[in-house]
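The block underneath contains the structure these notes are about, expressed in structure tokens.
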Protein chains: 2
Amino acid sequence: MSYPVFAVTVDLVVLTVREGELCVLLVRRGIEPYKDRWALPGGFVLADEDLADAARRELAEETGLDGPGGHLEQLATYGTPDRDPRGRVVTAAYLALLPDLPVPNAGSDAAAAAWRPITQQGLAFDHDRILADGVERARSKLEYSPLATAFCPPEFTVAALRQVYEAVWGESIDPRNFHRKATSTPGFLLPTGHSTEGEPGRPAKLFRRGDATLLNPPILRRRTGG
Amino acid sequence: MSYPVFAVTVDLVVLTVREGELCVLLVRRGIEPYKDRWALPGGFVLADEDLADAARRELAEETGLDGPGGHLEQLATYGTPDRDPRGRVVTAAYLALLPDLPVPNAGSDAAAAAWRPITQQGLAFDHDRILADGVERARSKLEYSPLATAFCPPEFTVAALRQVYEAVWGESIDPRNFHRKATSTPGFLLPTGHSTEGEPGRPAKLFRRGDATLLNPPILRRRTGG
DNA sequence: GCAATAGTGTCTGTTAGACACTATACC
DNA sequence: GGTATAGTGTCTAACAGACACTATTGC
């Protein structure tokens, strides 16, 4: 039996929160097509490689590590016939959430890599659309999963966690109500017994992520109608 | 530049509610591999075809129509290297929700097609996993979207809609509370002015789906913890 | 009338959000 | 002391769920 042949790539929407702003990891392309344009990091899937493994490999190549506190999940797959001028390329997009990292390294076929605000437009290929889908996925998943902790270092304060929610959702949250909600949701946060030092104001207790995979009750954002 | 070549398929998780039970459309494979085994309907993506178009085409081939009241969305993509003995095949799975249809037609490479309870096991390839993912997606989407109406004919009663929720979630729902909730959620249901006739009991008003894309407030299922 | 289903009203416990208040650090 | 941030208590409005009650059909 005969059938058409495709190339398969993975592209990564790597998000982090830097200085209260949701940012995405972009690379400036060093080769055609779309040379010198910003793009999502990614690359071809190898001949005997699982899709998730390819995503993890690309993530490690671009950032140095999958790191503790990180999260990686499949986002969606894009396969419009003309999406890549080199031929028929289907890409499986993955969403990664990471704590704020020092500086990303340039990959092999990327001239430079940088954190950019998620409002960045004009990316290569159909990456504007993929980025928008990734941001929307992240926003909705914060409600029902403990994934906000993936943006935080291993130990973090309730205030730091709240600032993640505020950055991702782009809205302010009452600190007192958030504190009560976050600490009373079973399995969300584990006390470490440690506290911050040297910061202004009363020291804050430090927490680790709990073992819950689904928040119950959820942390709801203000509904925008529908 | 050289890179590995892949075949790309689409597979469909087509769900409907029949006699109060959530069912999936399966085909009995007429060719190798997995000859005579039940499988999800699907097939190869054509050389110049979009993934979503391929899914719509396969759905039309298997059921006769995408039909009014139906819904089709991308589910996930599966690409483990050894998932297909014919070679490196990546499949984009789509989830379709349809009203109860008469009888599905056998496709070209399928010896027979039938509705089976979603508890069916032992499917070809990795289709057990894909089916489970599709059912889980459908269950969670009923809460926040008006997709339950995709299982109903163009005009339906509140009781019929409730039976969809009960079948998909596998739990019973208080009819009186559900009625108040469904009819008071903005944009969910549009009154038609018609009523049922010839049924036992008081006639029920008929509704169409509204134009809401997100239910606010949502229709929540009983939380199972996490 | 009786049986059956549609649809409404009411009560109760829980929760989200507003916000006053207390606690504990640095200066 | 003053300022800043952490964390708790309390009130209120909205909502989910339980369930009594009324409405409208076929028999």
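Atoms considered below: every heavy atom in the structure, side chains included; atoms not considered: hydrogens, waters and symmetry mates. Letters A, B, ... are given to chains in the order of the sequence lines, protein chains preceding strands, and every chain is numbered from 1. Not measured: the values here are computed from a predicted model.
- Applying the 3.5 Å distance criterion, the base of D:dA6 shares a donor-acceptor pair with the side chain of A:R202.
- Distance, A:F178 CZ to C:dG17 P: 12 Å, rounded to whole Å.
- Aromatic ring orientation, B:Y165 versus B:W169: perpendicular (interplanar angle above 60°, classes split at 30° and 60°).
- Between the CG atom of B:L206 and the C1' atom of C:dA6 there is a distance of 12 Å, given to the nearest Å.
- Nucleotides of DNA chain C nearest to A:P217 and B:A204 differ in position, and the one nearer the 5' end is that of B:A204.
- The separation between A:L220 atom CG and D:dA14 atom P is 17 Å, rounded to whole Å.
- Note: CZ (A:F207) to C1' (D:dA6) measures 10 Å, nearest angstrom.
- Using modelled atom types, one finds a donor on one side chain and an acceptor on the other under 3.5 Å when comparing B:D11 with B:T91.
- At the phosphate of C:dA6, neither OP1 nor OP2 sits under 4.0 Å from any side-chain N or O atom of B:H179.
- Listed nucleotides D:dG7, C:dG7, D:dT25 differ in distance to B:P203; the shortest reach to its side chain belongs to D:dT25.
- Heavy atoms only, all atoms of each residue included: A:L51 and A:Y94 are closest at CB-OH, 3.4 Å.
- For the 3.5 Å distance criterion, the side chains of B:Y78 and B:D133 qualify, holding a donor opposite an acceptor.
- The CG-C1' distance, from B:L189 to C:dA6, rounds to 15 Å in whole Å.
- Distance CZ (B:R176) to P (C:dC11): 16 Å, rounded to an integer number of Å.
- In this entry the distance linking CD of A:E199 with C1' of C:dC27 reads 15 Å, nearest Å.
- Ranking C:dA6, C:dC19, C:dA23 by closeness to the A:R180 side chain, first place goes to C:dC19.
- Nearest nucleotide to the side chain of A:N177, out of C:dG17, C:dG7, C:dT24: C:dG17.
- Ring-plane geometry between A:Y144 and B:Y144 is classed as tilted, the angle between the planes lying from 30 to 60 degrees on a 0 to 90 degree scale.
- Note: CG (B:D174) to C1' (D:dC15) measures 15 Å, nearest angstrom.
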